[in-house]
Amino acid sequence: MHYWLMKSEPEEMSIDAALAEPKHTVPWFGVRNYQARNFMRDAMQVGDGVLFYHSSCPEPGVAGFARVASIAYPDASQFDPDSKYFDPKSAPEQPRWMLVDVQALKKTRLISLAELRAQPELANMVILKRGNRLSITPVSAAEWRCLQHMSK
DNA sequence: GCCAACGTTGGC
DNA sequence: GCCAACGTTGGC
């Protein structure tokens with residue numbers, strides 16, 4: 001059992017939009033960074049906890065809780081020429097980009113970046129590290145518990 | 001729109 | 001394999 005923080009631009013996929021989907025589940029398409037892909041492909045397991053993070057928006061921060069709902073499988077958007085995530089260098093017989101399904105569980109109050117930074121227990125959170133841009137980052141069990149408390 | 005930080009590309 | 005140039009991310 002692992003925990004993760006996954007960034008999404010709410011204009012593209014918000015916690016509300018995910019909760020509106022059948023089974024509250026969405027394929028986490030569009031990841032085009034090898035490190036983030038490797039987390040999904042190699043480390044994620046069904047049932048892992050996910051902090052649903054809204055980025056590149058007026059109020060960046062943790063917006064809800066979710067869980068990993070599938071093992072990794074090929075991201076279809078890499079083969080779609082009309083998608084902005086199209087990757088002409090990826091071959092169907094050897095897909096370069098993988099994704100997992102994410103099931104939204106609960107919308108929380110918005111826990112802002114500033115609030116995260118103000119928590120001493122979260123000082124080592126990967127997302128708060130200087131210059132971090134990874135869209136998927138591991139979260140420790142202690143950090144996860146801290147967020148659970150903060151969400152109330 | 002700015003800019004720091006980091007990833008990727010491609011010539012050599 | 002090096003590394004400069006370029007592109008992207010994402011908070012502000």
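Sequence lines set the chain letters: A, B, ... in the order given, protein chains first and strands last, and positions in each chain run from 1.
- Atom CZ of residue A/F86 and atom CD of residue A/Q78 lie 9.5 Å apart, to the nearest 0.5 angstrom.
- For the pair A/N132 CG and C/dT8 C1', the computed distance is 14 Å after rounding to whole Å.
- Residue A/N33 contributes atom CG, which lies 15 Å from atom C1' of B/dT9 at whole-angstrom precision.
- An OP1 or OP2 oxygen of C/dG10 is reached within less than 4.0 angstrom by a side-chain nitrogen or oxygen of A/K7.
- Residues A/R96 and A/D87 are paired through a salt bridge, judged by an N-O separation under 4.0 Å between the basic side chain and the carboxylate.
- Considering all non-hydrogen atoms of both residues, A/A66 and A/V102 come closest at CB-CG1, 3.7 Å.
- When distances run from any side-chain atom of A/R133 to the nucleotides C/dC12, C/dG7, B/dT8, the shortest one goes to C/dG7.
- Here the C1' atom of nucleotide B/dT8 and the CZ atom of A/R96 are 11 Å apart, to the nearest Å.
- As a whole-Å value, the separation of A/I127 CD1 from C/dG10 C1' is 10 Å.
- Among the protein residues, A/K89 comes within range of the sugar-phosphate backbone only, with heavy atoms under 4.0 Å from sugar or phosphate atoms but none that close to a base.
- Distance from the side chain of A/Y53 is smallest to C/dG11 among B/dG7, C/dG11, B/dT8.
- One can place CG of A/L128 at 11 Å from P of C/dC12, the figure rounded to the nearest angstrom.
- Rounded to an integer number of Å, the gap from CG of A/L113 to P of C/dT9 is 17 Å.
- Between the C1' atom of C/dC12 and the CZ atom of A/R117 lies a distance of 11 Å, rounded to the nearest Å.
- Counting heavy atoms from C-beta on, the side chains of A/L19 and A/K107 come closer than 4.5 Å.
- C/dG11 atom P lies 13 Å from atom CE of A/M125, rounded to whole Å.
- Side chains of A/W97 and A/Y34 form a contact here, defined as non-hydrogen atoms less than 4.5 Å apart.
- Of all nucleotides listed (B/dG7, B/dT8, C/dG10), B/dT8 comes nearest to the side chain of A/Y34.
- Here the side chain of A/S55 is nearest to one of B/dG7, C/dG10, C/dC12, namely C/dG10.
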